[in-house]
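Have a look at the structure below before the remarks.
Note that the structure is predicted; figures quoted are calculated from it, not measured.
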Amino acid sequence: MIKHITILLTAFLMSSCVSQSECPKEELHPSDWVSTLVGTQSEYLLSTGNTYPAVALPWGMNFWTPQTGKMGDGWAYTYNAHTLCGLKQTHQPSPWINDYGQFSLMPVRGDKCFDEESRRSWFSHIAEEARPYYYSVYLADHDIKAEMTPTERAAIMRFTFPKTDQAGVVVDAFDRGSMVECVDGNTIVGYTTRNSGGVPDNFKNWFVVRFDKNFSAVELTSDPATHKAGEKRLYPEGGKKAEGDHAMVKVHFETERGEQIVARVASSFISREQAMQNLKELAADDFETVRENARQRWDEILGRIEVKGGTDDQMRTFYSCLYRSTLFPRKFYEIDSEGNPIHYSPYNGKVEKGYMYTDTGFWDTFRSLFPLLNLVYPSENAKIQAGLANTFRESGFLPEWASPGHRGCMVGNNSASVVADAILKDVTPKEDIETLYEAMMHGRSAVHPDVSSTGRLGHEYYNKLGYVPCNVGINESAARTLEYAYDDWCIAQVARKLGKVKDIAPLEKASRNFKNLFDKEHKLMRGRNEDGTFQSPFSPYKWGDAFTEGNSWHYTWSVFHAPEQLAELMGGREEFAKMLDSVFVVPPIYDASYYGFRIHEIVEMQVADMGNYAHGNQPAQHMIYLYDYCGQPWKAQKWTREVMNRLYSAHPDGYCGDEDNGQTSAWYVFSAMGFYPVCPASDEYAVGAPLFKEVTIHLENGRKVEIRAEKNSPENRYIGRMTVDGKTEDGNFLSHSKMMQGQTISFDMQAEPNLSRGLKGRELK
Ligand code: CA
C-alpha cells in the first residue's frame, strides 16, 4: 500500500470506538460516518434512492443484504418493512434491473420454520447495525442475533442462538433452477441459476457454506410447496442432494443459550471447485479478523478523501455518498489457484482470462462516477477498462448497461465517454488502448443484434442525416442523437491523442450534430422527422417520446462538450443563462402521456420544489454547472448548495430519486469538493462551491489536492475569490491534469455573490 495512505490510516486506526455516539469526533474512522441505509426507504411509486444496505468490500464480487422482500422482488430490503426472511447474497444493481445468482441464509428456531414465509422474523432498526463492512440484526421471533462481514467473494456469518433443540439455518438457493447438496457433516454446496437476463444458458452461481459445527440433521427439498417442514429429516451421511426448480436445505443443530455458530460462505460463477478456491479468501480468520480487515479496507478507500469542517450531518452524507460511489461496477472476475484473474464470461459462457466488471449503466454513470474513479481510484478503473476490452473481445460490443451481460436498458452510446475519459487521463492499460479504440469506432455504426440499447440504434439514419428521426420507429430519438454527438466528440479526442488522423474530421463533424435538433423558435432541442421538419405538436414539458426519462427542458443541455456553441444557438450567453434560470422558474408541470402514467422520476421532480429541475434523474445533473460557461458562476454556487442541502441527507430517504450505481452519489462527492466534471473526456472541471472548510484528496500517485475554504458556512456559499497554488484564478474551471500534479485550491467564501468574478465564462471557439 502507498505510504501516505498508511500514514492516514494510522491516524484513523488509533481509535477502537465501536459506535459513533461513543467516540470523540476526531477519532472516528471514515466508515463510521457511513449509513448503508440511505436510500432504502423507497418504493415502486417514489424512489428515495432505491438502494439496499450492501455489505461488501469496495467493488466486491458479492454483496450481501438483509432481505425483507419476497424472492424475486427488486425491493429486496425496504426500510419500512418489519420482517426479514434471509441474509441474501446479491448482485443487484437496481430494482429495475433486478438480481442474479442470488441465494440466502436464514438462522431460525423452530422445526416448522423453513420456507420464506414460515421462517420470517420481526426485526427493528433499534436492534440493527448497518455498516459497509458489517451488518447485524436481532431476529426477534427466533431470539437469534445474526451478523455478517465480507471479503470480495466470500463472507463469514455468525449466529448467536438461544438454548433449543430446534435451532437451524436455512440455505435457500431460490427458484428457477437450483441445487443443494450436503457434502459432509458440516458443509453444503449448491448452485443457483436464477437471473433476470443478460446471461448465457450455462449460467450458474456455485456456492459453498461451511459451518463450524456438525449438523444434528438436515432436510432438503427441491419443492418447498410440498415439503413438510420438520418431518423429513435426513441424517448427514453425505451425498444427500436436492436439485430441481427450487432447492433448499435446512441444517439442524442443538444449541445452548448464547452459543455461536459460524458459517463460512463463498461462491463462484466459474465452478464448484472455484467456489472452494474463493472460500480461501477467509483463510483461517475468525469473524472479528475478517470484520477488522473489511473495515480497514473501507477506511483506506473512503479515507482517500479526507474532509473537515462540516456539520455531522454533512459528514454522514458525504461518506455515505462516497461508499455508494465505490461499490459499482462490481468485480465479476475471480482469482485462480495460481493467483491470476479469470472470469466466467457473461457474454460467451466460457471461462476467460483477465478482468471483468459489471452491474452499471453507462447512461447514468459516465457523467460523474467514472470521472471520480479516474481522479481518486485510477488503479481500479484501469482494471475496469481492461474488463471493457474483454467485453468487446467476447461479445463484439462495449456494454452500455451490463448486469451481468448486455441488458436492454436506456439509450446512448456512452461507453465511448467511459472509455475515452480513461484513455485521455492515462488510466487505461496500454495493451488495451487499441482494442478499446476499435471498440468505440465499431459501436458508431453497429447495433447489437439482440440488445438494441448496445451499440447505436438508428446509426444508419444518424450517420446519413446527422440525427435519428423521430418518425421512423426508433423511440427517444432526440436523446439518442444528442448523446451520440457527445460520444463522437469523446472518440474524436482519443483519435487526436492516438494520431488517428483520418478519423478526426468526421468525428468532429458528427460531434456538432446536436445543432440539427435545435429549434430556434423555442430555443430548445426538439425531435425531428425524417423529412427535416420538427416534430409537432411540441411540448417542452413532455417526458419521454423524443427524450429519455426527461423532457426537452432537461435534455436541451446535453451538449456537454460545447455549451458555448449551445449558447450561440440560443442567441448568446444572456439568453443561455435565462433559459437555465427558466428551468427553476417554471412550475413542475409535466406531460406523462408518452408513458401513460406518471413515472416515479416525474413525481420526484414535482415534490422537490425546484420547478422543472429534476435532480432525481441523470439528464440534468450537470445543468447547474453550465452557469459557469456563460459567466454567471454565482448561480452555480447558489444552486449546487441548494441541491446538496435540500436533496441529499444521510437518512433512509436521503436521495431525491434513484441513486443509480454511484452516479447520484458521485455528484454529491464532487459538488461537496467544489467542482464537477461537466464534460468527461475533457481535462476540465467546472467550479461550484465547496461544502466543507477542508478537503484533501490523497491521490494514488502520492500527491495531494488540498481544497481550503476556511470561511465556509451555511451563509457563506459564494466564492469571493479563488486561488490555485496561491495565484488568483478568475476563471470557473480547474484542470484535471494539473490537479494530478498536486494542487492547493483556496476559496474565500462570502454571503453575497461576487458579481465581478468568473465573468469570462467560456468563449465561443
Ligand atoms: Ca436514473
W64 backbone acceptor or donor facing Y52 side chain under 3.5 Å: no

The reported gap from OG in S682 to CG in L424 (rounded to nearest 0.5 angstrom) is 9.0 Å

Determine whether the side chains of Q385 and N381 contain a donor N or O and an acceptor N or O closer than 3.5 Å. yes

Just checking, is any N or O donor in the side chain of E27 or H29 under 3.5 Å from an acceptor N or O on the other one? no

Between Q41 and T78, does any side-chain donor sit less than 3.5 Å from a side-chain acceptor? no

Parallel under 30°, tilted from 30 to 60°, perpendicular over 60°: which one fits the rings of H125 and F123? perpendicular

Looking at D660 and D364, would you say the former's side chain and the latter's main chain have a donor-acceptor pair under 3.5 Å? no

Side-chain ion pair, D32 and R131, N-O less than 4.0 Å: yes

If you count heavy atoms of other groups shown closer than 6.0 angstrom to CD of E752, is the number above 12? no

For R158, is there an ion pair with E288 - N to carboxylate O distance below 4.0 angstrom? yes

Distance-only donor-acceptor check, side chains K738 and Q741, under 3.5 Å: no

Can E281 and T151 be counted as having a side-chain donor-acceptor contact under 3.5 angstrom? yes

Give me the ring orientation class for Y77 and Y135: parallel if the planes are under 30° apart, tilted from 30 to 60°, perpendicular past 60°. perpendicular

May I ask you to check whether Y323 and Y133 place their ring centers less than 6.0 Å from one another? no

Decide whether Y655 and S665 meet the rule of one side-chain donor and one side-chain acceptor closer than 3.5 Å. yes

For the student: nearest non-hydrogen atoms of R641 and S713, plus distance: NH1-O, 3.0 Å

So how far is it from L626 CG to W557 CH2, rounded to the nearest 0.5 Å? 7.0 Å

Establish, from distance only, whether the side-chain atoms of Q296 and E300 form a donor-acceptor pair under 3.5 Å. no

Within 45° cone and under 6.0 Å: R330 NZ/CZ vs F63 ring: yes

Can you check whether V695 reaches I305 side chain to side chain, under 4.5 Å on heavy atoms? yes

Quick one: CG on N62 to CZ on R153, what's the gap to the nearest 0.5 Å? 8.5 Å

On a heavy-atom basis, the closest approach of S325 and G662 is OG-O, 3.9 Å

Minimum-distance pair of heavy atoms, taken over all atoms of A636 and V687: CB-O, 4.4 Å

Under 4.5 Å between any side-chain heavy atoms of S124 and Y138, yes or no? no

For T51 and R324, run side chain to side chain contact (heavy atoms under 4.5 Å, CB included): C-alpha distance rounded to whole Å, both residues' side-chain angles, the deciding distance at 0.1 Å, then the answer. CA-CA 9 Å; T51 58; R324 292 264 166 220; 3.5 Å; yes

Nearest 0.5 Å please: distance from the CD atom of E128 over to the CG atom of L37. 5.0 Å

Please check if the distance between the ring centroids of F670 and H622 is under 6.0 Å. no

Polar contact flag, side-chain donor to acceptor under 3.5 angstrom, N617-E549: yes

At what distance, to the nearest 0.5 angstrom, does OG1 of T640 lie from CG of L691? 9.0 Å

Before we go on, tell me: are the rings of W639 and F584 under 6.0 Å apart, centre to centre? yes

Pair D683 + K425: basic N to acidic O under 4.0 Å: no

Got a salt bridge between E147 and R291, using NZ or NE/NH1/NH2 to carboxylate O under 4.0 Å? no

Are T317 and S649 close enough that a side-chain donor and a side-chain acceptor fall under 3.5 Å? no

Between N701 and M740, is there a donor-acceptor pair closer than 3.5 Å when you use the side chain of the first and the backbone of the second? yes

Quick one: do the H736 and Y685 side chains pair a donor with an acceptor below 3.5 Å? yes

When you check the side-chain N and O atoms of D581 and Y627, is any donor under 3.5 Å from an acceptor? yes

Is T90 close to Q67 at the side-chain level, that is, under 4.5 Å between some pair of heavy atoms? no

Does either side chain, that of Y625 or that of S671, offer a donor lying less than 3.5 Å from an acceptor on the other one? yes

Got a sec: does the NZ of K383 have more than 12 other heavy atoms crowding it under 6.0 Å? yes

Under 4.0 Å between a Lys/Arg side-chain N and an Asp/Glu carboxylate O for E729 and R721? no

Could you pull out the closest heavy-atom pair between A666 and S368, with the gap in Å? CB-OG, 3.5 Å

Between Y648 and W667, is the gap from one ring center to the other below 6.0 Å? yes

Working to the nearest 0.5 angstrom, can you tell me the gap between Y134 OH and T149 OG1? 8.5 Å

Would you say Q663 and Q618 are linked by a side-chain donor-acceptor pair, where the criterion is simply a distance under 3.5 Å? no

Taking the six-membered ring for Trp and the full ring for Phe, Tyr or His, determine whether the centres of W33 and W298 are under 6.0 Å apart. no

